*Asks:* 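Would you mind keeping the following structure in view while I ask a few things?
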Amino acid sequence: MIPYIRQKKIIEALEEKEIIYIEEFLDTFHDISESTLRRDLKLLEEEGQIILLRGGGAKLKVNALELPVGTKKFLYKNEKEKIARFAASFVKNEEVIYIDSGTTCLGIAKYIKAKDVKIVTSNIQVLNELDNPNISDCIIIGGEVNRDLDSVSGPLTDATLKNLFFDKSFVGTTGFGIREGINTPDFREASKKTIINSNSKKCYIVADSSKNKKSSLCKAFELNKCTLITDKKIEELDGQVEYYVAE
């Protein structure tokens, strides 16, 4: 197994369980030696993707730092695709649509290519998806570029977004929950999301269910101030917030 695939599988395993020990990894990955596994874990720690714990455990480094887009695009790929396709079904012709940073939000762009809409985005990967002439217009918001997130944010971004209004917005999040709200570890991303929510007739949060009850540094707004689209039923949200399960 090549290093890239091994490390991808390690990240996917840590998304499923908060802490995994060396012995558990070895039981799961029968074709990986302990020395190879330790090298992969050390490399992932050096890249800022995981935290190695005393006693031989490892966990994702998600509360202090957002995972890079290059890593996230491989996590829960099927769930994200289903959410993106379902979210795109809400978009109607002649609407103004905001697409946020994040891999699930990026997926939405692919499914609205054939619609006559105006798109505003802070996701620098969106232009790669919008190769259809039916898209009437696309505005990339200026600001500070975060290469890890393929996102634009900061004071210049906020100043622009305060004067823009959207029929529908599709927003990503690091975690969500009744107590946790919609959150992100980055102050600039939190400020941007707050403005987008306020300036949208309808704000949809697109997030797979692994993010339920996860918290990070900054709460952008409460979960009951938006509509969640996720991949499975979450009982504690029933009757508390508006949410859809992507089909």
Side-chain angles (χ1 to χ4, degrees), residues 1-84 100-107 123-125 128 144-151 153 172-177 179-180 182-190 206-219 230-232 234:
M1 188 184 300
I2 64 174
Y4 173 79
I5 298 297
R6 292 199 308 268
Q7 291 157 22
K8 173 178 174 290
K9 289 183 176 294
I10 289 170
I11 292 293
E12 289 174 341
L14 288 170
E15 273 286 324
E16 296 288 344
K17 186 176 180 181
E18 184 177 1
I19 297 175
I20 301 180
Y21 290 91
I22 294 291
E23 293 77 11
E24 296 175 85
F25 277 124
L26 293 173
D27 287 340
T28 302
F29 307 129
H30 302 291
D31 54 346
I32 301 177
S33 69
E34 182 173 345
S35 60
T36 298
L37 175 62
R38 288 185 182 277
R39 282 198 301 271
D40 286 338
L41 291 172
K42 184 63 177 177
L43 179 60
L44 290 171
E45 182 184 47
E46 290 172 354
E47 292 176 349
Q49 298 186 45
I50 69 171
I51 298 173
L52 295 182
L53 307 173
R54 290 184 178 179
K59 67 177 182 178
L60 281 180
K61 190 177 179 181
V62 295
N63 288 331
L65 182 67
E66 184 73 277
L67 286 174
V69 167
T71 299
K72 292 194 296 184
K73 69 181 179 181
F74 296 111
L75 302 177
Y76 299 97
K77 188 174 181 179
N78 293 335
E79 290 84 353
K80 290 176 179 179
E81 188 77 7
K82 183 165 60 175
I83 292 168
D100 196 21
S101 57
T103 52
T104 308
C105 291
L106 177 62
N123 188 325
I124 63 178
Q125 289 293 333
N128 295 330
E144 303 168 45
V145 176
N146 184 326
R147 289 292 183 183
D148 283 340
L149 303 181
D150 282 344
S151 176
S153 60
T173 182
T174 300
F176 66 83
R179 181 180 67 85
E180 297 82 0
I182 302 305
N183 62 78
T184 170
D186 191 301
F187 285 105
R188 297 165 300 177
E189 290 291 322
V206 290
D208 64 81
S209 55
S210 72
K211 295 182 177 181
N212 181 36
K213 292 186 177 179
K214 285 190 175 180
S215 62
S216 53
L217 181 61
C218 310
K219 180 188 287 189
T230 190
D231 60 287
K232 63 176 62 173
I234 303 173

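Atom set for the values below is all heavy atoms of this structure, side chains included, hydrogens, waters and symmetry mates excluded. Predicted model only: the values in this text are computed from it and were never measured.
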*Asks:* My understanding is that only residues two or more places apart in sequence, or in another chain, count here; which of them pass salt bridge (Lys or Arg N to Asp or Glu O under 4.0 Å) with E34?
*Replies:* R38
*Asks:* Any side-chain heavy atom of D40 sitting closer than 4.5 Å to one from F29?
*Replies:* no
*Asks:* Taking the side chain as every heavy atom from C-beta outward, state whether I50 and K59 have any atom pair closer than 4.5 Å.
*Replies:* no
*Asks:* Would you mind reporting whether I124 and S151 have side-chain heavy atoms less than 4.5 Å apart?
*Replies:* no
*Asks:* Can you tell if the side chain of L44 reaches within under 4.5 Å of the side chain of L14, non-hydrogen atoms only?
*Replies:* no
*Asks:* Any chance the side chains of T103 and K80 put a donor and an acceptor closer than 3.5 Å?
*Replies:* yes
*Asks:* Pairing donors with acceptors under 3.5 angstrom, does anything connect the side chains of T184 and D186?
*Replies:* no
*Asks:* Within this structure, what is the CG-OG distance for the pair N183 and S215, rounded to the nearest 0.5 Å?
*Replies:* 6.0 Å
*Asks:* Return the set of residues passing side chain to side chain donor-acceptor pair (under 3.5 Å) with S35 (not counting sequence neighbours), or none when no residue passes.
*Replies:* S33
*Asks:* Strictly distance-based, threshold 3.5 Å: is any side-chain N or O of D150 a donor or acceptor partner for the main-chain N or O of Q125?
*Replies:* no
*Asks:* Please list, chain by chain and in numerical order, all residues satisfying side-chain contact (heavy atoms from CB on, under 4.5 Å) with T28, sequence neighbours excluded.
*Replies:* none
*Asks:* Who passes side-chain contact (heavy atoms from CB on, under 4.5 Å) against A207, sequence neighbours left out?
*Replies:* T173, F176, I205, K211, L228
*Asks:* Evaluate the criterion salt bridge (Lys or Arg N to Asp or Glu O under 4.0 Å) for residue pair K82 and D231; output intermediate values, then yes/no.
*Replies:* CA-CA 7 Å; K82 183 165 60 175; D231 60 287; 5.7 Å; no
*Asks:* Kindly give the heavy-atom pair with the smallest separation between A84 and G107, and that separation in Å.
*Replies:* CB-C, 3.6 Å
*Asks:* Minimum heavy-atom separation for I19 to G57, with atom names?
*Replies:* CG2-CA, 4.5 Å
*Asks:* Between V145 and R147, is there a side-chain heavy-atom distance shorter than 4.5 Å?
*Replies:* yes
*Asks:* Could you tell me whether the side chains of S101 and N123 share a donor-acceptor contact shorter than 3.5 Å?
*Replies:* no
*Asks:* Find out whether L41 and I22 are in side-chain contact, i.e. whether some heavy atom of one side chain is under 4.5 Å from a heavy atom of the other.
*Replies:* yes
*Asks:* How far does CD1 of I11 sit from CZ of R6, to the nearest 0.5 angstrom?
*Replies:* 13.5 Å
*Asks:* Check this for me, if you would: do K42 and E45 make a salt bridge, where the nitrogen-to-carboxylate-oxygen distance has to be below 4.0 angstrom?
*Replies:* yes
*Asks:* State which residues pass side-chain contact (heavy atoms from CB on, under 4.5 Å) with E23; sequence neighbours excluded, sorted by chain then number.
*Replies:* Y21
*Asks:* Taking all non-hydrogen atoms of both residues into account, name the closest pair between G177 and N212 and its distance.
*Replies:* CA-OD1, 4.4 Å
*Asks:* Of the non-hydrogen atoms in D208 and T230, which two are nearest, and what is the gap between them?
*Replies:* C-OG1, 3.5 Å
*Asks:* Less than 4.0 Å between a side-chain N and a carboxylate O, is that true for K219 and E180?
*Replies:* no
*Asks:* Going by the rule side-chain contact (heavy atoms from CB on, under 4.5 Å), which residues pair with K232 if we only count those two or more places apart in sequence or in a different chain?
*Replies:* S209
